[in-house]
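Here the structure comes first, spelled out in structure tokens, and everything after it is commentary.
Remember, predicted model here, so these are calculated numbers, not experimental data.
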Amino acid sequence: QVKLVESGGGLVQAGGSLRLSCAAYGRTFSSYGLAWFRQAPGKEREFVAGISWSGESSYYADSVKGRFTISKDNVKQTVNLQMNSLKPEDTAAYYCAAEFLGRNWNEAHPRDFGSWGQGTQVTVSS
């Protein structure tokens, strides 16, 4: 299993930017895909962005395409989520997930991941 530690959440005004980072410990970092999910109060956890084990392919939810960018640093063993043009509806707890076990990134689901971080809160004020 992989231990994941997120950082970088906070409070930002609409239109602003935040960068989330997730440090991974354990399994060889370059051997698995990672993703970011988010969960707002009263809602299900939803896929935000994912990146393949090589870092060559990335995937995004329609709601964040063009605004968020996921990246993977195999040397530092971190996965980052750059969030620009933030909206109040982006407010949620954001979770890093590792060890993608699914077949289709476009249908990524929480059950497809073997390890999870503790989450970091992102709040976007209007």
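Leu4 CG to Gln77 CD: the interatomic distance, rounded to the nearest 0.5 Å, is 11.0 Å. With rounding to the nearest 0.5 angstrom, the CG atom of Asp112 is 12.5 Å from the CD atom of Glu99.
Residue Gln13 places its CD atom among 12 or fewer non-hydrogen atoms of other residues, nucleotides or ligands, all under 6.0 Å distant.
Shown are Tyr95, Phe100, Phe113; of these, the ring pair (Phe, Tyr, Trp, His ring centres under 6.0 Å) with Phe37 is made only by Phe113.
Within the 3.5 Å criterion, the main-chain N or O of Ala93 finds no donor-acceptor partner in the side chain of Gln39. Looking only at distances, a side-chain donor or acceptor of Thr120 sits under 3.5 Å from a matching main-chain atom of Gly9. Between the side chain of Glu6 and the main chain of Gln118, a donor-acceptor pair closer than 3.5 Å is present. No side-chain donor-acceptor contact under 3.5 Å links Gln82 to the backbone of Phe68.
Of all heavy-atom pairs spanning Val64 and Arg38, the tightest one is CG1-NH1, 4.0 Å. Pairing each heavy atom of Val79 with each of Cys96, the nearest pair is CG1-SG, 3.7 Å. Of all heavy-atom pairs spanning Phe47 and Ala108, the tightest one is CD1-CB, 3.7 Å. Considering every non-hydrogen atom in both Val75 and Asp73, the closest pair reads N-OD1, 2.9 Å. Contact record, Ala49 with Leu81: CB-CD1, 4.1 Å, taken as the closest heavy-atom pair. When all heavy atoms are compared, the tightest approach of Asn74 to Lys72 is OD1-NZ, 2.8 Å.
Side-chain contact between Gln1 and Trp116 is absent, with no heavy-atom pair separated by less than 4.5 Å. Counting only heavy atoms from C-beta outward, the side chains of Ser115 and Tyr32 never approach each other to under 4.5 Å. No side-chain heavy atom of Leu20 sits less than 4.5 Å from a side-chain heavy atom of Asn80.
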Evaluate the side chain to side chain contact (heavy atoms under 4.5 Å, CB included) criterion for residues Thr91 and Gln121: first the C-alpha distance (whole Å), next the side-chain angles of each, then the deciding distance (0.1 Å), finally the verdict.
CA-CA 8 Å; Thr91 295; Gln121 180 67 34; 4.0 Å; yes
Between Lys87 and Val124, does the side chain to side chain contact (heavy atoms under 4.5 Å, CB included) criterion hold? Intermediate values first, please.
CA-CA 6 Å; Lys87 305 175 181 180; Val124 184; 5.5 Å; no
Can you list the steps and then say if Thr123 with Val12 is a side chain to side chain contact (heavy atoms under 4.5 Å, CB included)?
CA-CA 6 Å; Thr123 303; Val12 65; over 6 Å; no
Atom pairs and distances, donor-acceptor, side-chain atoms in residues 53-61, under 3.5 Å, two or more places apart:
| from | atom 1 | to | atom 2 | distance (Å) |
| --- | --- | --- | --- | --- |
| Ser54 | OG | Ser52 | OG | 3.4 |
| Ser54 | OG | Glu56 | N | 3.2 |
| Tyr60 | OH | Ile70 | N | 2.9 |

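Residues Trp105 and Trp36 fall into different hydrophobic clusters, defined by Ile, Leu, Val, Met, Phe, Trp and Tyr side chains chained together at heavy-atom separations under 4.5 Å.
By the 4.0 Å N-to-carboxylate-O rule, Asp90 lies close enough to Arg67 to be salt-bridged with it.
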